[in-house]
Amino acid sequence: MEKELAKTYNPKDIEDKLYQKWLDKKYFHAEVDKSKKPFTIVIPPPNITGQLHMGHALDNAMQDILIRFKRMQGYNALWQPGTDHASIATEVKIIEKLREEGIEKQDLGREGFLERAWQWKEEYGGRIIEQLMKLGSSCDWGRERFTMDDGNNHAVNKVFVKLYKDGYIYKGSKIINWCPICHTSISDAEVEHEEQSGHFWHIKYPIAGEEGYVEIATTRPETMLGDTAVAVHPEDERYKHLIGKNVILPIMNKEIPVVADAYVDKEFGTGVVKITPAHDPNDFEVGKRHDLPEVNIMNDDATINENGGIYSGMDRYEARKAIVKELKEQGLLVKVEDHSHNVGTHDRCHTTIEPLVKPQWFVKMDDLIKPAIEAVKSGEIELIPHRFEKTYFNWTDNIRDWCISRQLWWGHRIPAYYCDSCGEIIVSEEEPSRCHVCGSTNFRQDEDTLDTWFSSALWPFSTLGWPEKTEELNYFYPTDVLVTGYDIIFFWVIRMIFSGYAHMGEKPFSKVLFHGLVRDSEGRKMSKSLGNGVDPLDVIDKYGADALRFSLITGNAPGNDMRFYWEKVESSRNFANKVWNASRFIMMNLEKADIPETIDERILTQADRWILSKSNTLVREATDNLETFEMGIAAQKVYDFIWEEFCDWYIEMVKPRLYNDEDNTKVAALWTLQKVLTHSLKLLHPYMPFVTEEIFCTLQEMTGLKEKESIMISSWPIYNPDWEFTKDTESIELIKGAVKGIRNVRSEMNVPPSRKATVIVVSDSERIREIFTESKVFFATLGFASEVLVQKDKSGISGDAVSTVIPSAQIYIPFADLVDIDKEIERLTKEKERLEGELKRVKGILANPNFVSKAPESKIAEENAKLEKYRDMMDQVMERLQSLDK
RNA sequence: GGAGUCAUAGCUCAGCUGGGACGAGCGUUCGCUUGACGUGCGAAAGGUCAUGGGUUCGAAUCCCUUUGACUCCACCA
């Protein structure tokens, strides 16, 4: 034997070696080949600042499973990899690092900062890729892309200019979400709403020129510095008389009008609302409707600016306190109530966002989104599981314009240029040479960069070469499946879909497969602050990538969150070890024999045909499950088959034949072992690529059967209709039942395997007797029988035997000295009661005229067969009980 | 205020389009140096499928109610 497998499976010995081999052989590489059907997945590009976490591990394991499966099926499978510049996340990290060196971002200036950022990218950008490799990901690394590489920059600029020219991108002063810590605007999708307990301050605003006042209630008293009106509902009888009059804004001592607007809820608060158009999205709208001035009272760091009078320079919360204090002193504070309300925070830093009016760039969404809605509605794009369609439509139906400008440096700089002399805005891919209005040649490029999702929205086609008309684009686009977490439906999935239609005229992918979050063992989100994260690399180090992958995709339904358990990884590792050892055993036997590629199928035994049949069914089912993305179910079936049917039953059944050189069916056993093992390894390969590859290669070397030099390029097993051996399957299931019965009896009586005994099978059916006669040998190894007698009647069986009943046969084991008649009666009585229950159920259902008339025929036949079976068993139990009674 | 998910063995979860829960892993109990594997083998205990209704010959599975847990969306000051 050239190669030998170690006694226990050690992933560390083989994983890196095999991955390197795959890379060297370029198995991951896909070339355009019109003779083959493409299957394409684009990776959700991980962040360059990122460390591999469990979410990545799950996401990539799923993609790798699909890609490997399709590759083996003969598709030209491309898994397109790459990384994301992740503008704000990266910029924040770089700023943190600079601070450690005592440097502020501003000190470096834009150029200097970007230099550092690229350095960072060079240093860390490759790390996450190496980590993905550890998982076994079969990405076509030669095609790796980055959202800020030249091609992507080109794509981004082209899209921006095109959308601008077509009127979909505009610049406008609107109220946006401002993060006072990150000093940038953020989109609605980046705002997280947190329930916070706060207060409701009731404040008097005196009516100008007359006695009295109105009482308003607010959660943010500091914004009153920027109030430019108060509003009441037009139909509110209490305040109708005030409409058109003025009130005096306390502290600022300025007159502001009372306007009528239906936005005001009469029932809520006092029914009078202060209007601060520059600092509240609703008020902004009201302000627009009533043509109110917008008074901005805040700086970018959320301190009060010069418009805030004496509060100028104070932080927003400091100012709040001071203002409340002042109102109290002036007797204008009516009361303070506790109040819990939703506060918008930045999803990155969790700072309370500040709505501010600022000039920003937006994408007009109402028309662009239409094809994206239609695609999912019509089923052209399928979301799996379907329930996410509701989430999807919830967002698309309430779509708002997308704020795409960010006040950051790391990212795609907006390709808009301002003429120095006349201020004309020129949007173009290249810096313009002269102004088309005034002829000036001096321009200033817009300082802002684009939302990081602007470039990722183009990912499915930009990575394939767009805007160039590459043959890759032509061949691999649209891609087949997108695999991602449900948490980025709004950020990414929707934007890719509308972008695909807008720029390619076609969907970016046909299916989106969503998975959930990987939580810790207590169900909490894994997070840095909790310190409960589990590093996938640690898991790989301890148990291997195969075990990690397997444990992540089994035992949970698609789209559901799951918990991480070390125990589960361990059990997956044990499974890998099981496969390893079964293979080792098979190879130990194969090496001494010469197995032909095909054999005369007439020498196959019942057991051989049974396992071939089972394995054949498994091929069909596991393939079907994978086709419908039920990976966990497919994996579970492969696991059950290998461990139970193949290892615990078939291999054990076949041992006597292997140890007996005289047995002329030995070659059939070896042939079957090899065949079924190969099929099993292939079915398992997408989940456990490393262990299956190692075994497959060793097996090939040993047997000299050179199918392929790697399992990952071998062909996926195909269902063979000639291997449906129904009769043999029934026979073996009967034998299994008998063996189980014997083991049960022995175990209950505490008879150790070392004590052999005669097994007597009694059946009046000739067919049953034949089955048992052919399979006598199994009882020796599996049921610890010294000899097996198969007979028609009970002659020679005395009362002091224990027995077990299976359909159409009775099995006796004469343990003369051990038999405790009372115990035997007790056992049989228990069995009798069980059968009585079954019979009652079956008889009941068959006696129901509605069932008999309405249920499908097959179901009725099934129930009739059961009835017969239970009756037969019952007869035997009763007979046995009577014989013991004497 | 909308929407969604979950509630099945001690624990974590599977159970697809309705047809007996031979459910899975871990854990528990008992027994095994069976010539691949103790990361193993065999046997066993353990569930009125949250609640109350409905549809059906038949419901863990479909519909509604209630309770409890979670998540997402949302401009009620």
Side-chain angles (χ1 to χ4, degrees), chain A residues 5 7-9 175 188 193 200 216-220 223 231 263-265 267-276 280-285 339 341-342 344 355 387-388 390-391 393-395 398 486-487 489-490 516-517 521 523 543 547 551 554-557 559-565 567-568 570-589 625 628 630 632-633 636 639-640 647-648 651-652 655 658-659 737 740 743-748 750-754 781-782 784 838 841-842 845 848-856 858-859 862-863 866:
Chain A
L5 296 180
K7 189 169 173 182
T8 50
Y9 171 55
I175 195 145
D188 294 329
H193 293 274
F200 227 175
I216 60 102
T218 179
T219 54
R220 299 199 55 196
T223 61
Y263 147 73
V264 179
D265 179 350
E267 312 303 320
F268 191 82
T270 61
V272 187
V273 187
K274 62 192 262 323
I275 300 297
T276 323
D280 182 282
N282 294 309
D283 294 5
F284 181 79
E285 297 300 326
H339 180 66
H341 58 143
N342 276 319
R387 69 180 129 93
F388 289 112
K390 294 205 173 172
T391 315
F393 292 129
N394 191 338
W395 178 267
N398 299 296
Y486 62 74
D487 49 332
I489 294 181
F490 312 125
L517 264 47
S521 61
Y543 293 105
S551 70
T554 46
N556 79 304
N560 284 5
D561 289 356
M562 61 186 302
R563 299 186 189 197
F564 178 87
Y565 280 94
E567 292 87 339
K568 199 174 169 197
E570 192 176 323
S571 90
S572 300
R573 186 276 313 265
N574 293 352
F575 175 54
N577 186 246
K578 186 72 185 177
V579 174
W580 180 263
N581 271 294
S583 307
R584 202 161 68 92
F585 173 76
I586 292 167
M587 284 190 256
M588 276 166 51
N589 286 283
N625 287 136
T628 50
E630 294 165 318
I633 295 175
Q636 190 64 48
Y639 176 100
D640 289 343
C647 292
D648 292 345
I651 290 181
E652 293 306 323
K655 276 179 178 172
L658 298 179
Y659 301 147
K740 279 182 186 168
R743 283 171 174 172
N744 183 317
V745 168
R746 294 185 66 115
S747 179
E748 270 183 32
N750 280 317
V751 187
S754 54
T781 45
L782 307 178
F784 311 103
E838 299 289 8
R841 193 200 129 260
V842 180
I845 197 171
N848 183 340
N850 286 322
F851 175 78
V852 182
S853 60
K854 290 183 182 173
S858 61
K859 185 69 198 164
E862 206 179 292
E863 293 297 332
K866 282 180 197 165

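Throughout, protein chains are lettered first and strands after them, A, B, ... in sequence-line order, and every chain is numbered starting at 1.
Stretches of at least 3 consecutive Watson-Crick or G-U wobble pairs, with each checked distance under 3.5 Å, appear in RNA chain B as B:1-7 with B:67-73, B:10-13 with B:23-26, B:28-32 with B:40-44, B:52-54 with B:62-64.
Among the protein residues, A:V272 comes within range of no part of the nucleic acid, since none of its heavy atoms lies under 4.0 Å from any strand. Residue contacts shown for A:R573 include a base, since a base heavy atom lies under 4.0 Å away. When heavy atoms are screened at a 4.0 angstrom cut-off, A:Y263 is found touching base atoms of the nucleic acid. Among the atoms of the strands shown, only primed sugar atoms or phosphate atoms (P, OP1, OP2) are found under 4.0 Å from some heavy atom of A:R563. When heavy atoms are screened at a 4.0 angstrom cut-off, A:A557 is found touching the sugar-phosphate backbone but no base atom. No engagement by A:E862 is indicated, since no non-hydrogen atom pair under 4.0 Å with the nucleic acid exists. Within 4.0 Å of A:P856, counting heavy atoms only, lies at least one base atom of the nucleic acid. Across all strands shown, A:N342 has heavy atoms under 4.0 Å from base atoms, whether or not it also approaches the sugar-phosphate.
Between the C1' atom of B:U71 and the NZ atom of A:K390 lies a distance of 16 Å, rounded to the nearest Å. For A:D640 and B:C22, the CG to C1' distance is 12 Å, given to the nearest whole Å. As a whole-Å value, the separation of A:K7 NZ from B:U33 C1' is 11 Å.
Look at the C1' atom in both B:C13 and B:U17: the space between them is 22 Å, to the nearest Å. Nucleotides B:C76 and B:A21 place their P atoms 48 Å apart, quoted to the nearest Å. If you take atom P in B:A9 and the same atom in B:C49, they sit 9 Å apart, rounded to whole Å.
You can call A:Y659 stacked on the base of B:G35; the centres are under 5.5 Å apart and the planes sit within 30°.
A close approach under 4.0 Å does occur between a side-chain nitrogen or oxygen of A:N744 and OP1 or OP2 of B:A44. Remark: A:R746 is not in phosphate contact with B:A43, judged by side-chain N or O atoms under 4.0 Å from OP1 or OP2.
Atom OG1 in A:T8 sits 11.0 Å away from atom CG in A:N574 (nearest 0.5 Å).
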